Number of protein chains: 2
Amino acid sequence: MDKKALTRYINHLVTFSPEELETINSYFHVKTIPKGEYLLRSGQICRFEGYVVEGCLKVYTTNSKGEEKILYFAGKDWWVMEIDSFLHQTASELNIRALKNSTLLTISWTDKERLYAQIPKVERLFRIMSQKAIAAWQRRLIRNHTMTAEERYLHFIDTYPTLSGQLTNKHIASYLGITQEFVSVIRKRRQLEKT
Amino acid sequence: MDKKALTRYINHLVTFSPEELETINSYFHVKTIPKGEYLLRSGQICRFEGYVVEGCLKVYTTNSKGEEKILYFAGKDWWVMEIDSFLHQTASELNIRALKNSTLLTISWTDKERLYAQIPKVERLFRIMSQKAIAAWQRRLIRNHTMTAEERYLHFIDTYPTLSGQLTNKHIASYLGITQEFVSVIRKRRQLEKT
DNA sequence: CAATTTTCTTGAACTAGTTTAAGAAATAAG
DNA sequence: CTTATTTCTTAAACTAGTTCAAGAAAATTG
């Protein structure tokens, strides 16, 4: 298992020396997780942060009726964790589960603190990553407040064609905050418009 | 104008020496902004990041019909900026406007880069702040997908009693992604339930 | 404090999206 | 390949929240 994708990802945001990259890589461990298995269950403490090399996972809440609401999908080159639980090392509110056989590069909370201490520039890396993430979450919230369900559906499949091709409509519906049935209606509507 | 609140805020997250705090403070400049005035208009580049000492501002989008959708309020001890525009120094999609006479401590983009270079531990500070912010945006998104308008309204006024007391129902409605009229219905409903 | 503007409330008509149900299609499992 | 399970589609009934309109209350302005 090579860590080229991770190295490329990191070096794209902050420039590190080959030695530094080597050190960073050494803290990450390969973890494979078969389709359907949990990476984290609500109630557990999220002790790792993971970079997705291959596969796809869902991060979601479950309500009292057992219905899932998907917060986000982590496909290739995404980071996955329960950030609140990881940051404070407290019980997770969310579940993380593999939608396909997946390969991650994970770093534990303690190792990450060590890495920050050893190479302070890693703070910069994660500061930049986090600020980009904030901007993305804000844009998503704005889309939820300004676009109809149909517009959000089209935006999603247009923006993430590869990812959305691997997902069921049920998953996409859950992510968009609408019902599976309504996704069917939208798809039907689109199909008729094309004629 | 003293910078005690900012110092307290910063030192609560990451410990700095008095000299470091002095240096950090020296990069921030006082800016007062009267009620109703813009701090930033969409299309402009967000060249500063601000810490709210006193007052309240709204960060919002405007659609083609001139309707506002409020992304967030920045009250006392909040940070305010258009993060995407600030980060990449590109045109802002959002507007920022004072809801009351406000006092900010602002730092320019260039000074912030200087500060990161001069005191690398500041990267850690903003890394931690940003990660907490991600968790907060995620929780807000989950609330939007799992709670009714009434539940979100009650959650908001319970969670931010001081802030919400300073806002009009119209503002709260815009923030929650519902109509002003429906807020009235919710309030009426609550009032009847109390009897 | 009088005039003007904005916000708040109320109600009736409406609609985007949900719920329920049931059959068809696709996937997964033995 | 057959059976079981999950997903997808369709349609009808429903509802949470919107839209429109108009008057009352509150806040702002001169």
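Letters A, B, ... mirror the listed sequences (proteins, then strands); counts begin at 1. What you see is a predicted model, and the numbers here were worked out from it, not measured in a lab.
The backbone N or O of B:Ser42 sits less than 3.5 Å from a side-chain atom of B:Asn95, completing a donor-acceptor pair.
Per the geometry, CD belonging to B:Glu151 stands 11 Å off P belonging to D:dA16, to the nearest Å. Taking atom CG on A:Asn144 and atom P on C:dA16, their separation rounds to 18 Å, with Å as the unit. The interatomic distance linking A:Met147 (CE) with C:dA16 (P) rounds to 16 Å, in whole Å. Counting to the nearest Å, the P atom of D:dG17 and the OH atom of B:Tyr153 are 15 Å from each other. A:Ile186 places its CD1 atom 13 Å from the P atom of D:dT10, with the value rounded to the nearest Å. The separation between A:Leu99 atom CG and C:dT27 atom P is 15 Å, rounded to whole Å. When rounded to the nearest whole Å, the span between CD of A:Glu150 and C1' of C:dT15 equals 15 Å. With rounding to whole Å, A:His145 atom NE2 is found 12 Å from D:dG17 atom P.
Ring orientation note: the planes of B:Tyr38 and B:Tyr60 are tilted relative to one another, at an angle of 30° to 60°.
Checking each of B:Lys170, B:His171, B:Gln166 against B:Thr168 for a side chain to side chain donor-acceptor pair (under 3.5 Å) leaves exactly one that passes, namely B:His171.
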A correct 5'-to-3' footprint of nucleotides 6-14 of chain C, with B, S and - meaning base, sugar-phosphate only and no protein heavy atom under 4.0 Å, is -SBBB----
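Taking only side-chain nitrogens and oxygens, B:Thr179 comes nearer than 4.0 Å to OP1 or OP2 of D:dT18.
A side-chain N or O of B:Thr7 and one of B:Asn25 form a donor-acceptor pair less than 3.5 Å apart.
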Starting from the C-alpha separation in whole Å, work towards a yes-or-no answer on side chain to side chain donor-acceptor pair (under 3.5 Å) for A:Gln131 and A:Arg127. CA-CA 6 Å; A:Gln131 289 180 335; A:Arg127 191 264 298 167; 2.9 Å; yes
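To the nearest 0.5 Å, atoms NE2 (B:His145) and OG1 (A:Thr61) are separated by 10.0 Å.
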